[in-house]
Amino acid sequence: MHGCGFDNDENGCPHLDKTLTKPTLLATEEALLDLSISRIINMLNTSMQDTYREFFSQHQWARIHNIESASNLDCYDGLSLESSALFDSIVHAGDTIYVALVDGENSCETTKNMAHLNKSIFIPMQTASVYGKKIDLMLRYDGNMKIELSSNEWKRSRVQEDLKLKQQSKKLRTNAAILNHLNSHCSTDISELLAMDFIGNVGYLYMLKLTEDGVYVASLLSKLIVPKDLSNLDMFKQTLDYLLKMKASEDS
């Protein structure tokens with residue numbers, strides 16, 4: 001498929017051609033178009049999966065499913081059965097590890113650098129300042145140098161569906177830029193990153209994987225929940241398990 005980067009022996013992309021010629025686009029279509037231009041396949045959204053099934057060949061769809069199936073944290077330790085060890089690991093998480101949570105609407109340097117590059121190529125005569133995308137929560141390695149690891153989003157529970165799609169699309173493109181930077185400037189062995197997206201107290205953890213074709217595939221790993229009262233505390237177990245797996249992944 002030409003739009004997303006997979007090789008395709010079929011003639012053209014009828015669905016994409018039809019979408020591009022429409023006078024107005026639905027929110028889902030607009031998000032799909034933005035992501036396709038950035039070579040991102042969003043497997044987090046079920047309605048987008050329906051479109052992908054029509055869009056990709058059977059062989060391509062099988063490849064995407066194989067990538068999604070391989071996206072997991074099974075090789076990392078999660079929730080400990082011993083409560084004392086669990087609390088110790090949480091309380092002392094910052095004693096020796098340099099991965100930091102940076103919150104408060106920070107600017108993403110990676111997206112700022114990409115904007116500078118696009119400006120120099122497409123609009124070199126423009127004199128307006130360039131800014132990075134604002135980030136709710138940034139995972140950043142803060143040892144000898146500051147390296148952005150992922151962008152994470154938090155929104156209020158009462159958010160319109162159109163805005164949810166736009167924010168999801170924006171964060172996927174931001175994390176694709178971060179992953180591309182890590183892969184090209186830090187190590188070619190880095191081909192995936194982890195990120196979270198929350199709306200109110202409910203969210204999810206996902207993996208964004210860079211394939212050999214230069215395509216980014218986003219796969220759901222787990223739903224996350226922050227309980228509001230003690231009756232929902234048992235639902236926090238899976239969340240805590242995956243947060244510890246995420247921490248182990250970032251530390252490795």
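Atom set for the values below is all heavy atoms of this structure, side chains included, hydrogens, waters and symmetry mates excluded.
Using modelled atom types, one side-chain atom of Ser71 and one backbone atom of Ile67 make a donor-acceptor pair closer than 3.5 Å. At least one donor-acceptor pair under 3.5 Å links the side chain of Ser150 to the backbone N or O of Leu194. In this structure, the side chain of Asp213 does not engage the main chain of Val215 through any donor-acceptor pair within 3.5 Å. Checked by atom type and distance alone, the side chain of Ser187 pairs as donor or acceptor with a backbone atom of Asp189 at under 3.5 Å. Remark: the backbone N or O of Lys245 is not paired with any side-chain donor or acceptor of Ser249 at under 3.5 angstrom. Under a 3.5 Å cut-off, the side chain of Arg39 and the backbone N or O of Gly214 do form a donor-acceptor pair. Remark: side-chain polar atoms of Glu30 are not paired, donor with acceptor, to backbone N or O of Leu25 under 3.5 angstrom. Asn175 contributes a side-chain N or O that, together with a main-chain N or O of Ser151, makes up a donor-acceptor pair within less than 3.5 Å. Side chain of Asn152 to main chain of Met196: a donor-acceptor pair is present (N/O by atom type, distance under 3.5 Å, no hydrogens or angles).
Within the 4.5 Å cutoff, the side chain of Asn201 has no heavy atoms near those of the Pro227 side chain. You'll find the side chain of Leu179 reaches within 4.5 Å of the side chain of Ile190, heavy atoms only. Residues Met207 and Asn72 are not in side-chain contact: their nearest non-hydrogen atoms beyond the backbone lie 4.5 Å or more apart. Under the 4.5 Å side-chain criterion, counting only non-hydrogen atoms from C-beta, Leu208 is not in contact with Glu192. Contact annotation: the side chain of Leu165 approaches that of Asn45 to within less than 4.5 Å [non-hydrogen atoms, C-beta and beyond]. Trp154 places none of its side-chain heavy atoms less than 4.5 Å from the side chain of Ile199. Annotation: side chain of Tyr216 is not in contact with side chain of Thr211 (no heavy-atom distance under 4.5 Å). Side-chain atoms of Leu205 and Leu73, non-hydrogen and from C-beta on, do get closer than 4.5 Å to each other.
When the side chain to side chain contact (heavy atoms under 4.5 Å, CB included) test is applied to Leu220, the partners found at least two apart in sequence or on another chain are Leu44, Tyr204. In this view, Glu212 satisfies the salt bridge (Lys or Arg N to Asp or Glu O under 4.0 Å) rule with no residue, not counting sequence neighbours.
Expressed to the nearest 0.5 Å, how far CD1 of Ile41 lies from CG of Leu32 amounts to 11.0 Å. Distance check, rounded to the nearest 0.5 Å: CD1 of Ile225 to NZ of Lys237 gives 15.5 Å. Distance check: Asp197 CG to Tyr206 OH gives 6.5 Å after rounding to the nearest 0.5 Å. We find the NE2-CG distance between His181 and Asn183 to be 11.0 Å, quoted to the nearest 0.5 Å.
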Chi angles and distances behind the side chain to side chain contact (heavy atoms under 4.5 Å, CB included) call for Phe56, Ile64: CA-CA 10 Å; Phe56 288 109; Ile64 293 168; 3.5 Å; yes
Pair Leu172, Gln168 - check side chain to side chain contact (heavy atoms under 4.5 Å, CB included), show working. CA-CA 6 Å; Leu172 286 173; Gln168 185 184 64; 4.2 Å; yes
Between Lys209 and Ser219, is the side chain to side chain contact (heavy atoms under 4.5 Å, CB included) condition met? List the steps. CA-CA 8 Å; Lys209 185 182 288 287; Ser219 303; over 6 Å; no
Assess the residue pair Asp162 and Leu26 against the criterion (side chain to side chain contact (heavy atoms under 4.5 Å, CB included)); give the C-alpha distance rounded to whole Å, side-chain angles, the decisive distance to 0.1 Å, and a yes or no. CA-CA 9 Å; Asp162 288 2; Leu26 300 175; over 6 Å; no
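Within a 6.0 Å sphere centred on NZ of Lys164, other residues, nucleotides and ligands contribute more than 12 heavy atoms.
Using cut-offs of 30° and 60° on the angle between ring planes, the pair Tyr52 and Trp61 is tilted.
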